[in-house]
2 protein chains.
Amino acid sequence: MIFNNPSSTIFYAIEEAIKAYRKLSAKEIKKVISDITVDQALILQIISENQITQTEIADLIFKDYASMTRIISLMIKKEYVIKTVNQQDKRAAVLKITKKGEISLKKLTPIINKNRQISTNGISQTELEQLKTILNTITQNCKIN
Amino acid sequence: MIFNNPSSTIFYAIEEAIKAYRKLSAKEIKKVISDITVDQALILQIISENQITQTEIADLIFKDYASMTRIISLMIKKEYVIKTVNQQDKRAAVLKITKKGEISLKKLTPIINKNRQISTNGISQTELEQLKTILNTITQNCKIN
DNA sequence: CTAGTATATTTGATATATCAAATATATTTA
DNA sequence: TAAATATATTTGATATATCAAATATACTAG
């Protein structure tokens with residue numbers, strides 16, 4: 001029926017893997033911090049490590065700018081992040097992690113790393129590289145058109 | 001910084017590929033039918049080929065049951081699908097594609113197939129199989145935990 | 001047969017995705 | 001320098017994701 005040929009199947013396999021991974025991540029993150037999402041945890045990590053604008057974060061993790069605005073504003077509401085205006089370029093936001101954000105991140109980072117390790121368990125570095133190469137080909141094929 | 005090791009990188013590559021693919025699909029689908037989404041097109045195809053319940057569709061394409069309810073109800077509103085009650089099991093929905101749905105599907109199917117071909121262009125069957133195997137490992141790893 | 005349990009779907013609440021249009025500020029060009 | 005263009009972000013509208021709780025119906029054990 002639907003999963004009839006390899007080039008179709010692959011997209012189901014991708015969807016299945018990414019959703020399983022997100023589910024695992026969400027579950028594990030919730031164990032240590034109950035009010036933060038997987039995306040927010042990742043973004044918190046990015047902000048803490050870099051002086052970076054919303055647009056740059058969005059490009060980095062493949063999010064829409066509109067989504068980024070909303071995610072950041074939820075993070076501000078929950079007091080993980082503070083946002084100010086860049087005085088050199090008043091269009092740009094300056095994002096800073098709060099004390100609460102820092103404390104949370106200390107608990108989150110090992111969880112995020114562990115999730116990645118668990119999910120790639122039994123897969124060699126070579127296989128991961130292969131996987132990445134093929135996925136990049138798909139990405140390029142899609143972007144050309 | 002963030003993309004520092006292979007086991008991390010891989011999830012970005014997956015996200016990037018699936019988003020690029022969805023974007024291509026949405027763009028191409030829109031060219032022939034302007035008011036249908038990628039998910040809806042896929043679900044239309046599934047319904048037309050099978051006598052299948054919402055729950056079964058959800059399991060097949062890795063969607064939440066709640067999402068399925070909402071997607072189906074949008075498809076009903078747009079008159080692609082009709083929904084009745086299964087008289088043998090009144091909990092279950094019976095989904096049928098409408099005439100409009102059928103006509104639309106005739107235009108959509110070649111597009112869906114072409115999108116898959118374009119995006120896997122230059123990737124061998126062997127590589128696709130490898131990719132699938134590795135992704136399935138990730139899925140299993142995530143589900144065990 | 002009845003209570004308890006299982007299954008299919010729905011609803012509510014919140015988060016994210018995506019497109020288009022709007023704002024605000026910066027930069028470039030005529 | 002004024003107008004056109006570019007960049008960063010926001011807002012509105014709609015679709016989908018996800019969890020928890022609620023409904024409705026079916027099934028099973030006592």
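Both backbone and side-chain heavy atoms feed into the values below; hydrogens, waters and symmetry mates do not. Letters A, B, ... mirror the listed sequences (proteins, then strands); counts begin at 1.
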- Query: What pairs with A:Lys143 under salt bridge (Lys or Arg N to Asp or Glu O under 4.0 Å), at least two apart in sequence or on another chain?
  - Reply: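 For A:Lys143, the residues satisfying salt bridge (Lys or Arg N to Asp or Glu O under 4.0 Å) (neighbours in sequence not counted) are B:Glu16.
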
- Sequence-distant partners of B:Lys106, salt bridge (Lys or Arg N to Asp or Glu O under 4.0 Å), two or more places apart: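 In terms of salt bridge (Lys or Arg N to Asp or Glu O under 4.0 Å), with neighbours along the sequence ignored, B:Lys106 is linked to no residue.
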
- Task: Walk along DNA chain D from 5' to 3' and tell me the first and last nucleotide with an atom closer than 4.0 Å to a non-hydrogen atom of chain A.
- Result: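 So the contact region on DNA chain D extends D:dA6 to D:dC19.
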
- Message: I'd like to check the ring pair (Phe, Tyr, Trp, His ring centres under 6.0 Å) partners of A:Tyr21; sequence neighbours left out, ordered by chain and number.
- Response: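 B:Phe11.
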
How is [X] classified with respect to the nucleic acid when contacts are heavy atoms under 4.0 Å: base, sugar-phosphate, or nothing?
| X | result |
| --- | --- |
| A:Ala66 | base |
| B:Thr53 | sugar-phosphate |
| B:Thr37 | sugar-phosphate |

- Message: Using the side chain to side chain contact (heavy atoms under 4.5 Å, CB included) criterion, which residues pair with A:Ile144? Sequence neighbours excluded.
- Response: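 With neighbours one apart ignored, the set is empty.
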
- Task: Answer whether the closest heavy-atom distance between the side chains of A:Tyr80 and A:Ile103 falls below 4.5 Å.
- Result: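 Heavy-atom side-chain distance check fails, nothing below 4.5 Å.
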
- Following the transitive rule for hydrophobic clusters with a side-chain heavy-atom cut-off under 4.5 Å over Ile, Leu, Val, Met, Phe, Trp and Tyr, establish whether B:Ile61 and B:Leu95 coincide in one cluster.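 Both belong to a single hydrophobic cluster.
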
- Shared hydrophobic cluster for B:Ile46 and B:Val81 (ILVMFWY, side-chain gaps under 4.5 Å):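 Result: yes, single cluster for both.
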
- Message: Do the side chains of B:Glu127 and B:Lys132 get close enough for a salt bridge, i.e. N-O under 4.0 angstrom?
- Response: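 Here B:Glu127 does not pair with B:Lys132 in a salt bridge, since their nearest N and O are not under 4.0 Å apart.
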
- What pairs meet the salt bridge (charged side-chain N to carboxylate O under 4.0 Å, His left out) rule with one or both residues in residues 51-74 of chain A, with sequence neighbours excluded?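 Of all non-adjacent pairs touching residues 51-74 of chain A, those that pass salt bridge (charged side-chain N to carboxylate O under 4.0 Å, His left out) are A:Asp39-A:Lys63.
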
- Query: Cut-off 3.5 Å, side chains only: do A:Lys96 and A:Gln51 have a donor facing an acceptor?
  - Reply: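 Short answer, no.
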
- Query: In the hydrophobic cluster built from side-chain contacts under 4.5 Å, what are the other members alongside B:Leu24?
  - Reply: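 B:Leu24 shares its hydrophobic cluster with B:Ile118.
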
- Query: Which other residues belong to the hydrophobic cluster containing A:Ile82, where Ile, Leu, Val, Met, Phe, Trp and Tyr are joined when side-chain heavy atoms lie under 4.5 Å apart, directly or via other members?
  - Reply: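 None; A:Ile82 is a cluster of one.
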
- Between residues 74-87 of chain A and DNA chain D, which residues have a heavy-atom gap below 4.0 Å?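 Going residue by residue through residues 74-87 of chain A, the ones with a heavy atom under 4.0 Å of DNA chain D turn out to be A:Lys83.
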
Distances under 3.5 Å between nitrogen or oxygen atoms of protein and nucleotides 27-29 of chain C:
none

- Task: Output the residues of residues 17-30 of chain B in contact with DNA chain C, where contact means a heavy atom of the residue under 4.0 Å from an atom of the strand; sort by number or write none.
- Result: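 Within this stretch, B:Lys19, B:Lys23 sit under 4.0 Å of the strand.
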
- Message: With ring-ring contact (aromatic ring centres under 6.0 Å, His included) as the rule and sequence neighbours excluded, what pairs involving residues 108-145 of chain B come up?
- Response: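 Every candidate ring-ring contact (aromatic ring centres under 6.0 Å, His included) pair involving residues 108-145 of chain B fails, so no pair, neighbours aside, qualifies.
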
- Message: Between A:Asp64 and A:Lys90, which residue's closest nucleotide on DNA chain C lies nearer the 5′ terminus?
- Response: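 Closest to the 5' end, via its nearest nucleotide, is A:Asp64.
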
